[in-house]
**Student:** 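Before anything else, here's the structure in question.
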Amino acid sequence: MRPYLIAGNWKMNQTPEEAVQLAGELVRQLQGVKHKLLIAPSFVCLPGVAEVLKGSSLLLGAQNMAAEEEGAFTGETSVNMLLALGVKAVILGHSERRHIFGETDELINAKVRLALAKGLEPILCVGETLEERQAGRAGEVVKTQTRKGLAGVSPADVGRVTLAYEPVWAIGTGKTATPQDAEEIHGLIRDCFAGLYSPREAENLVIQYGGSVKGENAAQLMAQPNIDGALVGGASLKAAAFVPIARFDEGRT
Ligand code: 13P
């Protein structure tokens with residue numbers, strides 16, 4: 001059985017003080033949840049949130065990292081800095097990184113490989129734009145992003161990779177992919193992974209869905225055989241919205 005991974009991507013929200021407060025509320029309200037839980041605050045909020053998460057079951061994540069280990073890269077944050085703060089996982093290739101900041105599959109792949117080499121778990125995000133979906137190219141786009149994002153990742157390392165399917169048109173728009181549409185793409189990603197690695201590796205791969213996940217739709221999405229978790233943006237910014245997602249299987253949503 002694959003574990004569910006429910007993650008909050010706080011994006012560029014929260015001051016350090018607000019982040020500490022939200023993390024504290026989540027630690028209290030998520031006690032006893034049996035799924036894997038992760039929150040990814042902004043870089044400057046990581047030290048404070050790391051303190052709050054100590055001794056809890058919530059894992060600390062980052063939203064990005066540099067593709068280089070150290071050096072003259074003004075404004076960047078390195079893998080070693082993240083590790084030193086207790087970060088366990090890093091979101092890479094988020095559509096906002098791809099489309100607003102121009103990150104390419106090659107750059108994202110370099111980050112994935114560096115994260116793995118240093119012991120950080122990458123969450124590789126893939127997803128098509130509205131135009132690509134309307135042109136019937138959604139499957140091809142996510143398969144290409146998956147293949148290029150994982151280029152050169154060895155079978156020994158790939159077990160530490162999580163995939164996140166985030167259709168660009170569903171992010172922050174309130175438009176969720178239907179569970180069936182999401183399931184179809186998740187199935188394609190798993191098949192693609194089986195071809196790149198093995199059916200056994202594919203069976204163990206955790207594939208999160210992201211894009212307007214809320215308490216109201218989480219259970220239906222998670223009920224799909226190939227959907228193994230959620231990467232949540234807007235609804236991760238308030239405990240009252242995130243807790244029902246993390247407790248999607250407790251009949252309270
Ligand atoms: P929303 O949940 O706000 O649509 O954001 C999804 C996302 O981008 C998570 O990484």
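Both ligands and their constituent atoms are indexed starting at 1 by order of listing.
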**Student:** Identify the closest protein heavy atom to atom 9 (C) of ligand 1: which residue and atom is it, and at what distance?
**Tutor:** Glu166 OE2, 2.9 Å
**Student:** Hey, which atoms in ligand 1 end up nearer than 4.0 Å to a heavy atom of Gly211?
**Tutor:** 4 (O), 6 (C)
**Student:** Can you find a non-hydrogen atom of Ala235 under 4.0 Å from ligand 1?
**Tutor:** no
**Student:** Charged N to carboxylate O under 4.0 angstrom, Glu121 versus Arg160?
**Tutor:** no
**Student:** Which of these passes salt bridge (Lys or Arg N to Asp or Glu O under 4.0 Å) with Lys111: Glu68, Glu106, Glu103?
**Tutor:** Glu103
**Student:** Between Arg200 and Glu203 (salt bridge meaning N to carboxylate O under 4.0 Å), is one present in this structure?
**Tutor:** no
**Student:** Would you say the side-chain atoms of Tyr165 and Glu128 include a donor-acceptor pair closer than 3.5 Å?
**Tutor:** yes
**Student:** Going by heavy atoms, is Ala170 under 4.0 Å from ligand 1?
**Tutor:** yes
**Student:** How are the rings of Phe248 and His35 set relative to one another: parallel (under 30°), tilted (30 to 60°) or perpendicular (over 60°)?
**Tutor:** parallel
**Student:** By number and element, which atoms of ligand 1 are closer than 4.0 Å to a non-hydrogen atom of Asn9?
**Tutor:** 9 (C), 10 (O)
**Student:** Side chain or backbone, does Thr173 bring an N or O within less than 3.5 Å of an N or O on ligand 1?
**Tutor:** no
**Student:** Among the heavy atoms of Lys214, does any lie under 4.0 Å from an atom of ligand 1?
**Tutor:** no
